[in-house]
Structures are given as C-alpha cells and as structure tokens.
Protein chains: 2
Amino acid sequence: MTIGAMERSSATPGGRTRREATRQKLYEAAVTLIAEQGFSATTVDEIAERAGVAKGTVYYNFASKSVLFEELLRHGVGLLTASLKEAAERTAREGGSRVEALDAMVRAGLVFIDRYPAFTQLYVAELWRTNRAWQSTLMVVRQEAVAVVEGVLREGVANGEFSEEIDVPLTAAALVGMVLVAALDWKSFQPERSLDDVHAALSRLLQGRVSGRP
Amino acid sequence: MTIGAMERSSATPGGRTRREATRQKLYEAAVTLIAEQGFSATTVDEIAERAGVAKGTVYYNFASKSVLFEELLRHGVGLLTASLKEAAERTAREGGSRVEALDAMVRAGLVFIDRYPAFTQLYVAELWRTNRAWQSTLMVVRQEAVAVVEGVLREGVANGEFSEEIDVPLTAAALVGMVLVAALDWKSFQPERSLDDVHAALSRLLQGRVSGRP
DNA sequence: CTTTTTGCACTGACCAGTCAGTACAAAAAT
DNA sequence: ATTTTTGTACTGACTGGTCAGTGCAAAAAG
C-alpha cells in the first residue's frame, strides 16, 4: 500500500518535506499557546490559526490534539537532554572536574530555557499532574533528562569529588528544580538580566559560596 | 456592596458557620481535582459531586468557577506564607543563625508540601502561566512567600553571615524552586522516603556540603 | 422568618473531530 | 506533446457532544 509513497514528497530544495515544515509550524504555534493557557484551555482552532493553516491540516498531520502535544513534549525534551549530555561530555573531554561539569550543565539548562521559554513553562506545568493521557510519556522523558545529572553526580562520588553521603536522585532532582525555577523566575519577573548574571548567581549557590567563605 | 454581609451568620458554637464548612468542602474537592487534571479540564459538576453538594450550592457560595479557584489560591498560599514566617521567627527567637533560619524554612516548606501535596502541584502548574484571569492574584501571592526568604537572606548579608555578592531575589527564587521541585519529586516518584531523609539531603545541598569537605 | 442547600431541567456558547472536496505536481498512458 | 490518472497536502463548513452558568420551587437548618 502506501509503501513506495514517500519519495515523491521530498520536494522542497532544503531537503525538508512540505509536511515537516507544516508540523514544525504547528509545534511552534502550539507550544506558546499551551504555555500561556494550558492544554485544555487551548483550542485546536487557535493552534491552526496561529500556525496559518486550516483546522483540517492539524488532523491531517496529527491523530488528535493530545497526540500533537505528546509529540511536542518528546521533541522538546529530546533537545534538552541532548544539550545536557553535550555539556557533560565536553567538560569531560576538556579534563574538567565533576563540579565543572555540573556547572556546565546548569549553563546549558539556562541557555535552553533562554531559547525555549514557552516549552519550559509548559513542561513544568504538566510534569507533576496525574491522570493525564501523556503521563507515561512525560515520566520517560523526565527520567532521561534527570539521568544525565545523576550520572555526573555518581561519577563525582566514585572519584571522591563529592561526599558519599549525598542522595543522588534527590540531589539531582533538587538541582534540576533549582535551575528550572530560577530560570522561569528570571524570564517572568526580571527578563532584563543577562544569562551570565543568572549563571553566576546559581554557580555561587551550587558551590556553597553563599554562606561564609570566599 | 457585599460589605456588611458577614456578621449575621456566625451561628454555630464552633464559631464556624455552616457556609464556611461548605466552602471548605468545596476547596478540598477542587484542589485535588484541579491538581490532577488542570483548571479547564475540571468541571463544576465534578467538584460539586466530590464535595457532596448540589451544583447550585457552588454558585451560591462562589460567583464563578474562577472565583472559587482564585480564593482557593489565596487561601493556600496564605497557609504557606504563615508557616514560613513562623519558622523564620522561631529560629530568630531561639537565637539561631540565618543559615539555621533558612534550614528551618526548608523544613517548613517540606512539611507544608507533605500535608498539601495537591495544592503545591496546582500552584506550580499555574505560577508561570500568562494570560490567565487570576494571573495578578498569583503574582501578589507568590511575592508574599518569596519575600520571607528574601528577608532572611538580606539579614544574613547585613550581619556578614552571607557573602555580599549573592543576588538576593534570584537566590531566593532558586531556593524556593529547589525545595518545591525536590519535594514534588519526592511525593511523585519516591513517596516512601521520610521527611527527615529529604530534609537532610536538601540541608546538605544548601550548605554546600556536596562537593568536598565533611 | 431568614439563610442555606437541594434537585433538576434548561440554555447557549464553544469545541474536538469529520468529511467531501480542491489544488497541484509527478507519473503513466495515448 | 497531450491528456489522464494518482498521491499528497490541505481546506473549511458541519456535527454531536460538553459544560458553565441560570431559574426556581421546595425542603432543611437555624
């Protein structure tokens, strides 16, 4: 049946199919609307209108409103995870310590949120909900991101750089939360501040240079 | 308008009116449902049913669904703020340091989340949304809570206990985020852990005892 | 007697999802 | 070279259901 059907459509010069471009537009429209209003309060008509396509096109490209949302989640968290991994690996390659790796990941997180604030907003808003259709997708995808941080913490414990007493999963969650919330606050309430500024404040907190010493 | 309406009805011996009891039931029903499903996905019929009252009673007690929600937010954050303030003041009274005050507030936050997990969930989910009716309520109420933390940080800077270089608002936001996210993760993903356990892990992080030293 | 709650029927706006049809370009047939 | 067919992407009017909010009479509570 629809097997040999794909070739004809890789038309556009950029190598990108028409369909992919439409899906991208729909992602972009959906992410800001859902971040602002929430999933249920956002209508498919709004998404279509903002993307500049007809409502039918949404359903031509996605099976349903929630499938669109689920794929959006996967897509977004994929970007974040890749970026965190890249930061950790780059630090390792350059012979940095685990603290430096953590710091690099904090920065990578901030850069991500700086670039995709709406996605971050939406992610946080949905993460701890229960009884929702995409709950399991969300769990999987969350674990991928947190696992990267846990990995660095464990390596640090192994080589003696971190105390053996730290609780790896909990500390990883707390670190992710710290960055997430601080960054959302930055974007919402003091957007004029620079990324470096925010990064410096979090570094200080991370390295315990808040109380006491230089 | 509705100003002189309150006095007549303080009937019940307990000081609590019939009406207040109904409102309380509605708060409790609404908070769990909205935490699970979100505001828009939760119907007034569901809220009424879970509270065990007729739908008409909801509208007799609240002007609309969103007014119910707004008053719920105010009510909940009021409890949290009071609890944080109490922790900070108790520490001060007992002659504790500012770090100890911070630590006491972390614990107070955890106790609150332990007792009202649904409210916390819902609060986090709504906090960074824009374009919603209760946006301004939320901002006011958030500032009240964060201000308590900022106060302690500022006192610490003033008496030399904290570095002068810390960024008070940002650090306060990061601390709140750390506790919020760690606690939600605790409740969602490892609910068997004890409060003391979680508190110990966060204390360690707070006091920079992750990297290096005892 | 007043306040509060109940139960239930009703309305009208709104919205997810459907479907018959259009546009168009590449391929096949003539 | 031209006509015809086929597959893909998209369109927008329409439908069936849902839900916030109303209206009201009668009962319960105080």
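In what follows, every chain begins at residue 1, and chains take the letters A, B, ... in the order their sequences are listed. These numbers come from a predicted model, not from an experiment. The figures that follow rest on heavy atoms only: side chains count, while hydrogens, waters and symmetry mates do not.
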Discussion item. Heavy atoms from C-beta onward define the side chain here; which of dC15(C), dG21(D), dG17(C) lies closest to that of S64(A)?
Written reply: dG17(C)
Worksheet item: Taking only side-chain nitrogens and oxygens of Y59(B), does any of them come within less than 4.0 Å of OP1 or OP2 of dG21(D)?
Response: yes
Discussion item. Distance check needed: dC19(D) P versus L33(B) CG, whole Å only.
Written reply: 13 Å
Fill in: Short N-O contact, E126(A) and R132(A), less than 4.0 angstrom
yes
Practice prompt. Find the distance K65(B):NZ to dT18(D):C1' and express it as a whole number of Å.
Written response: 12 Å
Item to complete: Identify whether the distance between the nearest side-chain nitrogen and carboxylate oxygen of R154(A) and E150(A) falls below 4.0 Å.
Response: yes
Worksheet item: Please give, in whole Å, the distance from dT5(C) P to E20(B) CD?
Response: 11 Å
Worksheet item: If you measure from the Lys or Arg side-chain nitrogens to the Asp or Glu carboxylate oxygens, is any gap between D167(B) and R204(A) under 4.0 Å?
Response: no
Discussion item. With a cut-off of less than 4.0 Å, is there a side-chain N or O of Y60(B) near OP1 or OP2 of dT4(C)?
Written reply: yes
Worksheet entry | Residue R18(B), side-chain atoms from C-beta onward, closest of dA16(C), dA20(D), dG30(D) | dG30(D)
Worksheet item: Roughly, in whole Å, what's the span from CD in E49(B) to P in dT6(C)?
Response: 13 Å
Discussion item. Just N and O in the side chain of T22(A): are any of them under 4.0 Å from OP1 or OP2 of dA9(D)?
Written reply: no
Worksheet item: Counting only heavy atoms not in K85(B), do more than 12 sit closer than 6.0 Å to its NZ atom?
Response: no
Discussion item. Measuring to OP1 and OP2 of dC10(D), would you say a side-chain N or O of N61(A) lies under 4.0 angstrom away?
Written reply: yes
Practice prompt. Grab the CG-P distance between D45(A) and dC14(D) for me, whole Å please.
Written response: 15 Å
Worksheet item: Has E49(B) got more than 12 heavy atoms of other residues, nucleotides or ligands less than 6.0 Å from its CD?
Response: no
Item to complete: Report the C-alpha distance between D103(A) and S203(A) in whole Å, list the side-chain angles of each, state the deciding distance to 0.1 Å, and finish with yes or no for side-chain hydrogen bond (donor to acceptor under 3.5 Å, both in side chains).
Response: CA-CA 6 Å; D103(A) 198 65; S203(A) 273; 2.4 Å; yes
Worksheet item: Can we say E28(B) and R50(B) salt-bridge, meaning some charged N sits less than 4.0 Å from an Asp/Glu carboxylate O?
Response: no
Discussion item. Please classify the nucleic acid contact of S66(A) as base, sugar-phosphate, or nothing, using heavy-atom distances under 4.0 Å.
Written reply: nothing
Discussion item. So if I take residues 50-57 of chain B and measure heavy-atom distances to DNA chain D, which residues fall below 4.0 Å?
Written reply: K55(B)
Worksheet entry | Protein-nucleotide distance (K25(A), atom NZ; dA9(D), atom P), rounded to Å | 14 Å
Item to complete: Find the distance L26(A):CG to dA9(D):P and express it as a whole number of Å.
Response: 14 Å
Worksheet entry | Rounded interatomic separation in angstrom, taking CD from E46(A) and P from dC14(C) | 12 Å
